[in-house]
2 protein chains.
Amino acid sequence: MGYGGPVAATEVRGGTKARVLDAALASFGTAGFDGTSLDDLAAGLGIRKQTILYHFVSKRGLLNAVVDRVAEDLTGALDRVLAGGQQDWERVDALVRSVFRVALEQPVLLGLLREVSRPNSPGAHRLRGHMDPLMARARLWIEAEMAAGRMRRTDAQLLLLSAYSTVVGVATEIEVLRAAGVGPTLRPVVQRRKELLRFLRSSLDPMS
Amino acid sequence: MGYGGPVAATEVRGGTKARVLDAALASFGTAGFDGTSLDDLAAGLGIRKQTILYHFVSKRGLLNAVVDRVAEDLTGALDRVLAGGQQDWERVDALVRSVFRVALEQPVLLGLLREVSRPNSPGAHRLRGHMDPLMARARLWIEAEMAAGRMRRTDAQLLLLSAYSTVVGVATEIEVLRAAGVGPTLRPVVQRRKELLRFLRSSLDPMS
DNA sequence: CCACTTGTCTACCATCTGGTAAGGGCCCTG
DNA sequence: CAGGGCCCTTACCAGATGGTAGACAAGTGG
């Protein structure tokens, strides 16, 4: 069967489940959920579709697992930043830079985020389950800062959502650029980061 | 059959073809190409799927027609602006405002644009066929302005692609906001427009 | 050594999909 | 009124899709 027979049955050659997860992330992020067939996905891994279903029960289950992993990656990166001791604006700056770093290191991750951000998309609900607490937490922090006079008063939620969609929009930008045959996409992405930081600063910095 | 029988055969009640086109635009833009089934689309219109295929030959044909219509709408709006006599920066400003106006009036249009901007997406190629000449035209104009010293020197193509993906990104933003239950989306979109204009101005205005 | 669990496979299925073939009502024109 | 084009329909199909059932190999623990 290509790779050399059934092998040791109990999860050898690098963890089938993890490999499926990676491939699914890439496929969902580029071809979309509907555009991904379990048969093709399995074939690409030298595996039968039923093996995928064994690990993830259903296609929806696979999507949920992928969403969970992505959310985990992102919140992990954010938590690591929050563990550092930055304050006020420095913290905002560090958070933004961290998210952009993750995004650049794993573009597929952004692709999935965009795919799943579409309303009525399966997985949108699942993603909200991860994002809502994060957003609420950030919102409370910002509002506390505003109350303490360390940040300027503004609509915290709208600010956060705007920042979020900027990040997701980076996925679109990367794809547009690649479609147009433009090579290294670093510069425009950095440009976006700069814009976002300026936007946040001009909205939050008490020194206008 | 629901709406009251076969009716006058020859295209009555508002033009079946146009109605299909509208519904397809909405469905492709929200559910995506793969996520749209001709049966469902037809059912939503009180029509049989074969009627759709009669008018558009195939699903791909339908997508192409939808892409063509969207491109037509956009280029039409742009041409109308270009017919006006603005010069230099005023022309850029008017073009950006025009595109954003169309985008706000027909959000579905943006949805499709985003869907189709995905590489490997069917329709991506078709869209490029419409966009490339537009882009080339804009690029030549900008470069002429730069040569004449009326605009600052910069990478025109990258600038245009960045502007384009900003507009497409608005679709993501609107969807994110709606998903979060935020009501009127006017303000953030205006914010994006402002950002884009500032970006263009700071890149192009010879008076730094 | 046997019972059990785990991971993968083969076989099969119901449903849905885009698409073809063919027919029929309606209008226009000769 | 006969013929043909236009619009939409019913009937049907081949292929792909997600999912179920069951077998089989290999490791694990008593």
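Every chain is numbered from 1 and lettered A, B, ... according to where its sequence line falls, protein lines coming before strand lines.
- The phosphate of dC8(D) (OP1 or OP2) has a side-chain N or O of Thr16(B) nearer than 4.0 angstrom.
- In summary, Asp73(B) and Arg80(B) do not engage in a salt bridge, as defined by a charged side-chain N under 4.0 Å from a carboxylate O.
- Applying the side-chain hydrogen bond (donor to acceptor under 3.5 Å, both in side chains) test to residues at least two apart or on different chains, the pairs with a partner in residues 102-114 of chain B are Arg114(B)-Glu175(B).
- A search for salt bridge (charged side-chain N to carboxylate O under 4.0 Å, His left out) contacts involving Arg126(A) returns Asp68(A), not counting sequence neighbours.
- The Leu38(A) side chain lies nearest to dG18(D) when the options are dG7(C), dG19(C), dG18(D).
- Nucleic acid contact for Ser37(A): sugar-phosphate only, since backbone atoms but no base atoms lie under 4.0 Å from a heavy atom of the residue.
- If you check residues 58-69 of chain A against DNA chain D, the residues with a heavy atom closer than 4.0 Å are Ser58(A), Lys59(A), listed by number.
- Under 4.0 Å is where a charged nitrogen must lie from a carboxylate oxygen, and between Glu195(A) and Arg192(A) at least one such pair does.
- Between the P atom of dC7(D) and the NZ atom of Lys49(B) lies a distance of 21 Å, rounded to the nearest Å.
- Between the P atom of dG7(C) and the CD1 atom of Ile52(A) lies a distance of 15 Å, rounded to the nearest Å.
- Remark: Asp88(A) pairs with Arg150(A) by the side-chain hydrogen bond (donor to acceptor under 3.5 Å, both in side chains) rule, at least two apart or across chains.
- Evaluation of the side-chain hydrogen bond (donor to acceptor under 3.5 Å, both in side chains) rule for Asn120(A) yields no partner, not counting sequence neighbours.
- As a whole-Å value, the separation of Leu41(A) CG from dA16(D) P is 17 Å.
- Distance, Asp39(A) CG to dA16(D) P: 10 Å, rounded to whole Å.
- The interatomic distance linking His55(B) (NE2) with dG19(C) (C1') rounds to 16 Å, in whole Å.
- Protein atom CZ of Arg48(B) is 22 Å distant from nucleotide atom P of dA22(C), rounded to whole Å.
- Each ring-ring contact (aromatic ring centres under 6.0 Å, His included) pair with one or both residues in residues 69-105 of chain A, not counting sequence neighbours, would appear here, but there are none.
- One interatomic measurement links the two molecules: CG of Leu53(A) to C1' of dG19(D), which rounds to 6 Å at whole-angstrom precision.
- Closest contact between the side chain of Thr51(A) and the listed nucleotides dA11(C), dC6(D), dT8(C) involves dT8(C).
- In this structure, of dT10(D), dA11(C), dC8(D), it is dC8(D) that holds the atom nearest to the side chain of Tyr54(B).
- Mapped onto DNA chain D by nearest heavy atom, Val57(A) and Asp40(A) fall at different nucleotides, with Asp40(A) at the one closer to the 5' end.
- The distance from atom CG of Asp34(A) to atom P of dT17(D) is 12 Å, rounded to the nearest whole Å.
- Picking from dT17(D), dC8(D), dT20(D) the nucleotide with the shortest atom distance to the side chain of Gln50(A) gives dT20(D).
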